[in-house]
Amino acid sequence: MKDLGGGYSAPSVAAARVFGMSNRGDEEVVWALDEKNGKELWVARLGTAYTGQRMPQAQEGPGCTPTVDGERLYVVGRGGDVACLQVKDGKILWQRSLTQDFGGRVPAWSYHESPLVDGDKVVCTPGGPDAMLAALDKLTGKTVWTSKVPGGDAGGPGGPGRPGRGRGGFGGFGGDGAAYASPIAIDVGGQREYVQLTARTLVGVAAADGKFLWRYDRPANQMGLNCSSPIYQDGQVFAASAYNAGGGLVKLIPDGNGGVKAEEVYATRKMQNHHGGMILLDGYLYGANGGNGGGNLICLDFQTGKVMWDERDKPRRSGVQKGSVAMGRRARLLPPGGRHDDPFRAQPQGVP
């Protein structure tokens, strides 16, 4: 496709349309294409293209994947503009600002999360001192609640895994701000939670009112460059990042009074997932292990952290290296260069 504009937005496909975001000239836009022929059906201007990014890399455009919910879709722009648009024609129904409305601080590489739509709420991560996460009414954009994470900019007491840390890193302006992952919704002990990997910690808050429930610091690296969304199964959450942090699994234990304890099951530096994401399939975790120096595909037992196989250790590697992992009929990995690698069969015995 030509003339889509610049950026890193993965497409969403729904209602026979393909939706995405990009920069076109000095504008940040959302667009829709006909799924059959690729014809552009509409384009909507979200605002002026964000130019305040502090890092020189990845300035071509937004990285949010639009979230489609029935007749509406939701996006987050690089500078923190959150908007709800009509699927049929791209009309903007409402728009908020993570920075102006919630005191959020734009991360060093800009906002890149995709908003979570859950029931009647849209959940996003301003990363502000009093609004680490925020829930908005999905029809009106009005604030439902904001959630403050104890520790905040001062580092504060950490959760299991490592002590609290102070300022530093690139995630936000040197504090416990937003990173680059997207939140997930989980159910534990009859309570709905939202879980997000921020610049300094993995955090869980109550879906009903944003009440802080728990935090787990180990998966967040000291650079604040935490990009992969957490993974949940059967009362346990796994999260990971690169820069020598690795990942860890915590078991969530409700206390019977609305609170939750996050108890570490294991920690590992064998899944230093940079920004490619991970897949959990049949009890095994697949993802790329490695940071700026490159990486290789690895498979862990989800429950124990045991390495089932590591492409780095093989005398003859399959060629499957660092990149984004997606699951269809077979798993597929997209390396940083953009070339689609051959699909591989996700199995604990190794890549065939």
field: Stepwise side chain to side chain contact (heavy atoms under 4.5 Å, CB included) check, Val307 with Ile298
entry: CA-CA 8 Å; Val307 177; Ile298 193 169; 4.2 Å; yes
- request: Go through the steps for Ser97 and Asp81 under the test side chain to side chain donor-acceptor pair (under 3.5 Å), then give the verdict.
  value: CA-CA 5 Å; Ser97 170; Asp81 289 323; 4.6 Å; no
Verdict with supporting geometry, Val76 and Leu98, side chain to side chain contact (heavy atoms under 4.5 Å, CB included): CA-CA 9 Å; Val76 176; Leu98 298 184; 4.1 Å; yes
task: Under the side chain to side chain contact (heavy atoms under 4.5 Å, CB included) rule, what do Gln233 and Phe302 come out as? Steps first, then yes or no, please.
output: CA-CA 9 Å; Gln233 185 178 75; Phe302 182 72; 4.1 Å; yes
message: Evaluate Leu46 against Val75 for side chain to side chain contact (heavy atoms under 4.5 Å, CB included), listing each step before the verdict.
response: CA-CA 9 Å; Leu46 188 61; Val75 296; 4.3 Å; yes
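Considering only heavy atoms from C-beta on, Glu40 comes within 4.5 Å of Trp31 through its side chain. Leu197 is not listed as a side-chain neighbour of Ser228, based on a closest heavy-atom distance of 4.5 Å or more. Here the side chains of Val30 and Phe19 are not in contact, with every heavy-atom distance at 4.5 Å or above. Inter-residue side-chain proximity for Leu285 and Ile231 is flagged as met; some heavy-atom pair is nearer than 4.5 Å. Residues Tyr8 and His275 fail the side-chain proximity criterion, which asks for heavy atoms closer than 4.5 Å. Put simply, the side chain of Val203 reaches to within 4.5 Å of the side chain of Val205, judged on heavy atoms. The shortest distance between side-chain heavy atoms of Lys121 and Trp145 falls below 4.5 Å. Side-chain contact check for Leu93 versus Leu85: every heavy-atom pair is 4.5 Å or farther apart.
The backbone N or O of Gly259 lies less than 3.5 Å from no partner atom in the side chain of Asn257, so there is not a single donor-acceptor pair. For Ser9 (side chain) and Cys64 (main-chain N/O), a donor-acceptor pair under 3.5 Å exists by modelled atom type. The backbone N or O of Ala262 sits nowhere less than 3.5 Å from a side-chain atom of Arg215 that would complete a donor-acceptor pair. Asn289 places no side-chain N or O within donor-acceptor distance of the main-chain N or O of Asn296, the cut-off being under 3.5 Å. Checked by atom type and distance alone, the side chain of Thr125 never pairs as donor or acceptor with a backbone atom of Gly127 at under 3.5 Å. Of the possible donor and acceptor atoms, one in the side chain of Tyr232 sits under 3.5 Å from a partner among the backbone N and O of Asp187. In this structure, Asn221 contributes its side chain and Leu225 its backbone to a donor-acceptor pair below 3.5 Å. With hydrogens and angles ignored, the 3.5 Å screen pairs a side-chain donor or acceptor of Thr67 with a backbone N or O of Pro115.
Among all heavy-atom pairs drawn from Tyr216 and Gly248, the shortest one is OH-CA, 3.4 Å. Between Ala49 and Gly25, the closest heavy-atom pair is CB-O, 4.4 Å. The two atoms that bring Tyr284 and Cys299 nearest to each other are CB-SG, 3.9 Å, heavy atoms only. Listed here is the closest heavy atom pair of Arg192 and Ala185: NH2-CB, 3.5 Å. Of all non-hydrogen atoms in Pro11 and Thr65, the two that sit nearest each other are O-CG2, 4.0 Å. Taking each heavy atom of Pro183 and Val123 in turn, the nearest pair found is CG-O, 4.1 Å.
Side-chain contact annotation: Glu113 with Ser182, donor-acceptor N/O pair under 3.5 Å absent. Side chain to side chain, Gln86 and Arg72 fail the donor-acceptor criterion of an N or O pair below 3.5 Å. Defined by atom type and a distance below 3.5 Å, a donor-acceptor pair is present between the side-chain atoms of Arg96 and Thr143.
Leu73 is not connected to Leu116 by any chain of hydrophobic side-chain contacts under 4.5 Å among Ile, Leu, Val, Met, Phe, Trp and Tyr, and they are in different clusters. Both Tyr194 and Phe212 belong to a common hydrophobic cluster when Ile, Leu, Val, Met, Phe, Trp and Tyr are linked at side-chain heavy-atom distances under 4.5 angstrom. Follow the hydrophobic side-chain contacts under 4.5 Å out from Met21 and you never reach Tyr50; the two are in separate clusters. Linking Ile, Leu, Val, Met, Phe, Trp and Tyr whenever their side-chain heavy atoms come within less than 4.5 Å leaves Val68 and Val29 in two separate clusters.
We find the OG-CG distance between Ser241 and Asn226 to be 4.5 Å, quoted to the nearest 0.5 Å. Note: Phe238 CZ to Thr268 OG1 = 6.5 Å, rounded to the nearest 0.5 Å. Atoms CG and OG1, on Asp217 and Thr201 in that order, are 3.5 Å from each other to the nearest 0.5 Å. Separation of atoms CG (Asp69) and CG (Asp120) is listed at 10.5 Å; rounding is to 0.5 Å. Between the CG atom of Leu300 and the CE atom of Met308 there is a distance of 9.5 Å, given to the nearest 0.5 Å. Note that the SG atom of Cys84 and the CD1 atom of Ile92 stand 9.5 Å from one another [nearest 0.5 Å].
Salt-bridge check for Arg24 with Asp3: failed, with every basic side-chain N at 4.0 Å or more from each acidic carboxylate O. Taking 4.0 Å as the cut-off between side-chain N and carboxylate O, Glu71 and Arg17 do not count as a salt-bridged pair. Taking a cutoff of 4.0 Å between a charged side-chain nitrogen and a carboxylate oxygen, Lys142 and Asp137 do not qualify as a salt bridge. Residues Glu28 and Arg78 are not paired through a salt bridge, judged by the lack of any N-O separation under 4.0 Å between the basic side chain and the carboxylate.
Using the six-membered ring where Trp is involved, Tyr180 and Trp109 have ring planes that are perpendicular, over 60° apart on the 30 and 60° scheme.
Legend: residues meeting salt bridge (Lys or Arg N to Asp or Glu O under 4.0 Å) with Arg269, ordered by chain and number and at least two apart, are absent. Take Val265 and apply the side chain to side chain contact (heavy atoms under 4.5 Å, CB included) test, not counting sequence neighbours, and it matches Gln236, Leu249, Lys251. With sequence neighbours excluded, the residues that form a ring-ring contact (aromatic ring centres under 6.0 Å, His included) with Tyr243 are His274.
By the 6.0 Å contact criterion, CD on Gln100 is open, its count of non-hydrogen atoms from other residues, nucleotides or ligands being 12 or less.
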